[in-house]
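Proteins get letters first, then strands, A, B, ... in listed order; numbering begins at 1 in each.
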Amino acid sequence: MKTIVAKILEDTLARAEREGVLPPWPERPNLAATIDSPKQAAHGDWASNVAMLYAKAARLPPREVATRLKDRLVDPAGAVAALEIAGPGFLNFRLVPEVWWRGLAEVAARGPRFGRSDVGAGQKVDVEFVSVNPTGPMHVGHGRGAVTGDAIAALLEATGHAVTREYYINDAGNQVKTLARSVHLRYRELFGEKVELPEESYPGEYVIGIARELAREHGDRYLRAPESEWLGPFAALAVTRVLELIRGDLAALGIRFDVWFSEKERLHETGALRAVLDDFRERDLLYDKDGAVFFRSTLHGDDKDRPVVKSTGEPTYLAGDIAYHQDKFRRGFDWCLNVWGADHHGDIPRVRAAVEELGVDPLRLRFTLVQMVNLLRDGQPFKMSKRAGTVVSLREVVEEVGADATRFFFLLRRSDAQLDFDVGLARKQSNENPVFYVQYGHARLCSILRRAAEQGLAPPRHDVEALRSLTLPEELDLAKRVLSMPELVAGAALAFEPHRLVFFLQETVAAFHGYYTRSKNSDKVIGPDPVKTRARLFLCDCLRQAMANALGILGVSAPERMERAADQDAED
RNA sequence: GCGCCCAUAGCUCAGUUGGAUAGAGCGUCGGACUACGAAUCCGAAGGCCGGAGGUUCGAAUCCUCCUGGGCGCGCCA
């Protein structure tokens, strides 16, 4: 829709220059960028600040520039109903309803694909997210990163990117050894030994399960064996089992990955990690200090050089990351996105530095940070920690409130701001949870369409003649909202901000609920006038389609009817 | 001490990358069902956009400083 105005502005500007009313404008910006939809309806459908920008070059007051443009408006199709000059020199365009009614043809034509676009132009993109260490099931805090990453990936897909969802498995570091040792302690316990779990061990129930499995399979064979004998097999099984848990946690949220990238198998066992360190060494990007090996990340703006090999001879996490990113870019992605927890923000300069040294344009490596989740229980904060007994597992919450509510809740606000997640509230399944509001709107639309079908009315179809009979401002407003979706999706995708889609849904549904209630006693969708009825049913169908598509991108279901939940409050 | 993120209504947060009179939800108060679903709607109250400067036609948005909170800061992952 915006492009219609951009074209008119383009032609008008050209005409003004051609007729010598305005001087040439060498540093003319992309005109579409000067246009946006004003907050206030009184300011029209689209407003351009082009006259203010042009004023300097034209050596004229902005309002004079605006007037000269207005007088030479090029609008052969008659799309502009009114053009007003307002404030310091805004050009406010109001389009004839016809433009919007015609625009709705796109919704009908594209159906489930409405709202999607190809601004991504088929770029190959890797989105890495979650990547929690395989030491235990996911907790609620991890869930936010998982849902956010998945929604960003879906947004990128919706805008014509070829997306790979990727999980980096840190299965080569110390934490895996710690996990194996925890399993071994539990294993000994199974054979009647009294053991004490050290501070750094993993106490979870799942550890016992893994120990039990090892005991079943190997008996007491590893009971007195030296660590060097059992560490390998214990770690291997533990990682496998824990990854199964994590996969299950993710599946419960509808999240699946295309690539599970094992640090151990793909970087250590292939020698890739060794190779990249050797290469860096040769190029004098590494140096020895205090028995460790440091990478000169300060060459690229990091504030300190960072170790890549510990004095024990083991590679650090950063070393793995360097080799990992090399592998990623070798796989031919146009760019890679890392969805990271905000507590890792300090690592960004290092990885960027390394990527530059790998000969990759640093702009091809992008980051988005997901801030912490403040976990509350009925208003009381409590600390999240894998070791603490009070931890709430992700699975627990998903099973309690459902995948839809969990996903929606996590996407409710921008990811770089901290989020309060009140487990008590989320469990309540009360109408305070906005996902019910949005889903109800969709179900209500479905209900109307269902009713129409039951009455034998023809299925909704695009009919400009009929739409012209709609005169309520709310109806035009709903059409405009629907038609704003493609641009909104594109903006959300490029900014990695799925929450914009959540707000779009809430606002659109609110507009619909309001329209519905105001009209229910007078001008129902299914009314006595067959022409209006046809038009309104089509409008409802467009709304339904837009909402279903938006919910689909967010990974939240769009139910055709709502099951009225049994009263949950009873158990409180 | 240095770096990154945040600060907007009582609470939780949006604000389309610098636009016009700053918006929602929850909560509070007052209203609306002979059902295309009231899991909804309408109205009211509620603001020095943390503070102080600066940039310009124009700032919640950009720059500097300050205050307050979160996270991080060479061998944790």
Nearest nucleotide by nearest heavy atom, which residue falls closer to the 5' end of RNA chain B, A/Gln371 or A/Gly87?
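Between the two, 5'-proximity favours A/Gln371.
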
Polar pair under 3.5 Å, donor/acceptor by atom type, side chain [X], base [N]:
X        : N     : result
A/Asn49  : B/G19 : yes
A/Ser311 : B/C75 : yes
A/His345 : B/G3  : yes

State whether A/Tyr516 and A/Arg444 meet the cation-pi test: NZ (Lys) or CZ (Arg) under 6.0 Å from the six-membered ring centroid, and within 45° of the perpendicular axis.
yes

Would you indicate what A/Ala55 reaches in the nucleic acid, counting non-hydrogen atoms under 4.0 angstrom: base, sugar-phosphate, or nothing?
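Counting heavy atoms under 4.0 Å across all strands, no contact is made by A/Ala55.
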
When you compare B/C33 with B/U16, how far apart are their C1' atoms, in angstrom units rounded to a whole number?
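That atom pair is separated by 37 Å.
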
Think A/Asn174 has a side-chain N or O under 4.0 angstrom from the OP1 or OP2 of B/A77?
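For B/A77, OP1/OP2 do have a side-chain N/O of A/Asn174 under 4.0 Å.
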
Please tell me if A/Lys524 has a side-chain N or O lying less than 4.0 Å from either OP1 or OP2 of B/A35.
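No, no such contact exists.
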
Just by distance, with hydrogens left out, do A/Asn170 and A/Gln175 show a side-chain donor and acceptor under 3.5 Å apart?
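No donor-acceptor contact under 3.5 Å links the two side chains.
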
N/O to N/O distances under 3.5 Å, protein versus nucleotides 14-17 of chain B:
| residue | atom | partner | partner atom | Å |
| --- | --- | --- | --- | --- |
| B/A14 | OP1 | A/Arg414 | N | 2.9 |
| B/G15 | OP1 | A/His499 | NE2 | 3.0 |
| B/U16 | O4 | A/Ser37 | O | 3.4 |

Ring centres within less than 5.5 Å and planes less than 30° apart: is that true of A/His513 and B/A39 in this structure?
no

Answer yes or no for this row: A/Tyr516 ring on B/U40 base, centroids under 5.5 Å, planes under 30°.
no

Of the candidates B/C41, B/A77, B/G19, the side chain of A/Gln175 sits closest to B/A77

